[in-house]
Protein chains: 2
Amino acid sequence: MIPRHIPDACVERLSLYVRELAHLEEQRVGFVSSRHLAQHLGFTDAQVRRDLSYFGQFGTSGRGYEVSRLRTTLRDILGINGRVWNVALVGVGNLGSALLAYQGFRQRGLLFRVAVEANPRIIGRTIEGLTVSPAKQLGALARTHHIQIGIIAVPAEVAQRVCDQLVAGGVRAIVNFAPARVEAPPRVRVRNVDVAIELEMMAFYLSRSNGAAPPPAQGVEQER
Amino acid sequence: MIPRHIPDACVERLSLYVRELAHLEEQRVGFVSSRHLAQHLGFTDAQVRRDLSYFGQFGTSGRGYEVSRLRTTLRDILGINGRVWNVALVGVGNLGSALLAYQGFRQRGLLFRVAVEANPRIIGRTIEGLTVSPAKQLGALARTHHIQIGIIAVPAEVAQRVCDQLVAGGVRAIVNFAPARVEAPPRVRVRNVDVAIELEMMAFYLSRSNGAAPPPAQGVEQER
DNA sequence: CACTGTGAATGCATTCACAGCG
DNA sequence: CGCTGTGAATGCATTCACAGTG
């Protein structure tokens with residue numbers, strides 16, 4: 001059940017499949033075809049079949065895929081079945097709080113064990129059942145809690161420093177939400193995610209879809 | 001200055017170039033080579049040159065690119081130069097607040113004109129200089145403020161409904177952060193962004209990088 | 001029949017490699 | 001020289017199209 005290499009893009013879709021299958025299971029749907037799955041998620045049926053085929057053969061000709069079995073299988077493949085990942089959150093601002101509050105992680109075995117902050121106003125607070133620790137303790141806490149995944153949700157200026165501390169604390173994967181690239185040694189997997197970019201891409205597409213200037217809003221005031 | 005088609009992946013990098021060029025400009029760097037730029041951002045030099053070449057020729061052989069000129073040019077291309085986009089935020093929870101607070105948008109001419117919420121506790125509050133309106137008013141507000149871009153930061157269950165209201169309100173692009181896919185007519189550009197997926201991908205990569213089970217944390221307690 | 005699983009074909013994106021230029 | 005700009009080559013990802021199957 002372990003082929004050599006899986007396209008990155010496919011891995012991204014894997015959790016979407018799992019999510020959709022969970023919905024179908026709730027609705028007591030027994031079987032689902034690649035076409036059906038694809039329509040719900042906005043892909044093509046061929047795409048779905050290809051993705052699944054990387055991992056084996058789970059379908060039945062003429063019937064499709066058994067929902068609950070496929071779901072379990074994909075959860076196994078994703079590494080979130082009957083298993084737990086220890087996650088540390090660095091930066092309990094708005095974005096960090098949003099992540100802490102998202103219940104989807106817990107359902108997928110991604111458990112926040114540690115949350116740290118630099119702001120003394122926030123240290124000591126308990127959010128979602130987790131008490132916020134001082135930023136200085138990050139390295140030590142990461143070690144004692146056997147943190148595997150670190151999330152960076154701090155201002156850009158300190159992102160790299162935080163990253164280094166996470167690496168020193170032994171984490172093996174880092175997701176960085178700060179608008180600045182961070183680097184780590186190759187044994188640590190890093191993913192830089194920039195939510196602002198999506199908005200800027202929209203500006204690009206809009207400004208070329210109609211060449212003309214848009215309605216000038218009410219009085220192009222600049223700054224706040 | 002308007003070629004036919006630009007790779008999506010290139011557009012994504014465009015704002016990263018702009019950001020890096022802004023840094024360089026602050027540091028009074030006059031010229032930068034594709035190599036230099038690439039190293040800072042984690043791409044290859046060929047990639048940078050290729051990306052820029054889609055839009056024209058901005059470099060000088062032997063010297064590289066003039067930082068401030070390239071920055072201006074790219075901002076023009078991105079559609080964020082001397083121009084303003086009106087943005088509406090739907091959902092002023094933690095994620096929504098994080099987006100409101102991010103100063104990068106304002107610097108790029110992406111201005112929040114409207115913020116709406118369903119939660120009556122939050123309606124009427126002023127956040128980042130913007131007063132939160134009731135969700136019911138979304139359509140009307142979008143129209144009167146000539147909103148071009150809508151951001152969805154609400155629970156998955158209501159995401160599609162919000163999307164429909166934004167469309168009815170005349171927006172032309174939507175960025176959806178809810179963990180559920182939303183659809184709109186083809187004239188409206190939709191981008192579904194799922195921050196949770198990044199974490200789940202990490203679980204996948206980690207679980208296959210070492211086949212073994214991880215340290216069992218301290219007592220695999222489930223749930224909070 | 002309705003559907004899967006997959007070679008083969010196509011379409012994107014990245015990288016190579018080098019001619020040409022300041 | 002050092003560096004750009006770009007054809008040509010390579011490498012991924014998606015889609016086509018269909019033989020095979022319960």
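Letters A, B, ... mirror the listed sequences (proteins, then strands); counts begin at 1. Please read these numbers as outputs of a predicted model, since none were measured by experiment.
Whole-Å rounding puts the A/Asp8 CG to D/dC12 C1' distance at 10 Å. The CD atom of A/Glu66 sits 14 Å away from the P atom of C/dT4 (whole-angstrom rounding).
In this structure, the nucleotide among D/dT6, D/dT21, D/dT14 sitting nearest to the side chain of B/Gln57 is D/dT6. Nearest nucleotide to the B/Arg50 side chain, out of C/dT4, D/dA13, C/dT15: C/dT15. With D/dG5, D/dA17, C/dG22 as the candidates, the nucleotide lying closest to the side chain of B/Ser53 is D/dG5. For B/Arg49, taking side-chain heavy atoms from C-beta onward, the closest of the listed nucleotides D/dT14, D/dT6, C/dT4 is D/dT6. Looking at the side chain of B/Thr44, the nearest of the listed nucleotides D/dT15, C/dG20, C/dT15 is C/dT15. Among the nucleotides C/dT14, D/dA13, D/dC3, the one closest to the side chain of B/Arg13 is C/dT14. Listed nucleotides C/dT15, D/dA13, D/dT21 differ in distance to B/Ala46; the shortest reach to its side chain belongs to C/dT15. Distance from the side chain of B/Ser61 is smallest to C/dC21 among D/dA13, C/dC21, C/dC3.
Applying the 4.0 Å criterion to OP1 and OP2 of C/dG22, one finds that B/Thr60 has every side-chain N and O outside that range.
A cation-pi geometry, defined here as NZ or CZ lying under 6.0 Å from the six-membered ring centre and within 45° of its normal, holds between B/Arg13 and B/Phe43.
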